[in-house]
Amino acid sequence: WALWGPCGAWAWGVCAGGGGVAVGLGGTQMGAQFVGTLGIKPEVQPAVQRLQDGTGTAEQIYLAVVALLLAPVVEEILFRGILYPTLKQAGYPGLAMWGTSLAFGAIHFNLVGFLPLTIFALILIWVYEQTDNLLAPIVIHGVFNTVNFLLIVWQEPITRFLDQRA
């Protein structure tokens with residue numbers, strides 16, 4: 001399934017973004033359980049906490065712009081566009097793959113999300129390698145953040161809906 005060019009990058013991004021969400025959600029649940037078994041209370045990221053507490057419209061728009069537009073572009077340019085290829089071309093492909101993935105997981109400062117985000121970063125590298133196009137991981141990252149953002153914002157109505165069906 002070799003898709004190239006801007007249209008292919010968008011297709012990769014949308015399709016793989018859904019897979020990334022599944023990996024992220026499942027991994028986060030497992031991470032929370034694992035951290036709980038260690039007796040550590042999982043911490044909620046401050047931005048997530050603000051969304052869960054019910055921010056105003058202006059703050060939601062600000063957080064949406066940062067999470068859905070800026071973060072995917074800036075983080076992908078840094079990790080997959082600069083660091084990964086620089087280390088790989090310097091003759092350190094293993095360090096490029098694992099180092100940038102671990103760093104990506106670490107910069108989010110969330111113990112529960114560290115492993116799922118590291119796996120997500122490995123997926124982004126794989127897609128980048130398959131497409132040779134930075135747009136694909138940017139779109140995947142954007143889709144991933146969008147789904148997570150919507151799940152946070154709509155957590156209460158979703159929970160009510162599911163409880164009514166149970």
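Here the structure is a predicted model, which is why all the values come from computation and not from measurement.
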Could you report the tightest heavy-atom contact between Leu102 and Phe114, atom names first, then the distance? O-CE1, 3.4 Å
On a heavy-atom basis, the closest approach of Leu117 and Phe144 is CD2-CE2, 4.2 Å
Taking every non-hydrogen atom, the tightest pair across Leu63 and Phe149: C-CE1, 4.0 Å
Do the side chains of Leu68 and Val147 join up, straight or via other hydrophobic residues, at under 4.5 Å, putting them in one cluster? yes
Between Thr146, Val139, Ile140, which is the residue that forms a side-chain contact (heavy atoms from CB on, under 4.5 Å) with Val143? Val139
Below 6.0 angstrom between ring centroids: does that apply to Phe120 and His108? no
Heavy-atom pair with the smallest gap, counting every atom of Glu76 and Leu134: O-CD1, 3.6 Å
Value for NZ (Lys88) from CD1 (Ile125), rounded to nearest 0.5 Å, stands at 9.5 Å
May I ask you to test the Phe79-Leu124 pair for a side-chain heavy-atom distance under 4.5 Å? no
Residues Ser101 and Met97: closest non-hydrogen pair is OG-O, 2.7 Å
If you measure from CG on Leu122 to CH2 on Trp98, what distance do you get to the nearest 0.5 Å? 5.0 Å
To the nearest 0.5 angstrom, please state how far the CG atom of Leu135 sits from the OH atom of Tyr128. 12.0 Å
Check step by step if side chain to side chain contact (heavy atoms under 4.5 Å, CB included) holds for His141 and Phe104. CA-CA 12 Å; His141 196 151; Phe104 179 82; 3.6 Å; yes
Assigning hydrophobic clusters by single linkage (Ile, Leu, Val, Met, Phe, Trp, Tyr; side-chain heavy-atom cutoff under 4.5 Å), is Leu150 placed with Ile152? yes
CZ of Arg80 to OG1 of Thr100: how many Å apart, nearest 0.5 Å? 6.0 Å
Heavy-atom closest contact (Asn110 atom, Gly113 atom, distance): OD1-N, 2.7 Å
Side-chain heavy atoms nearer than 4.5 Å, only ILVMFWY residues, links allowed to pass through others: does that put Ile82 and Ile107 together? no
Are Ile77 and Leu70 connected into the same hydrophobic cluster when the rule is that any two of I, L, V, M, F, W, Y join if their side-chain heavy atoms are below 4.5 Å apart? no
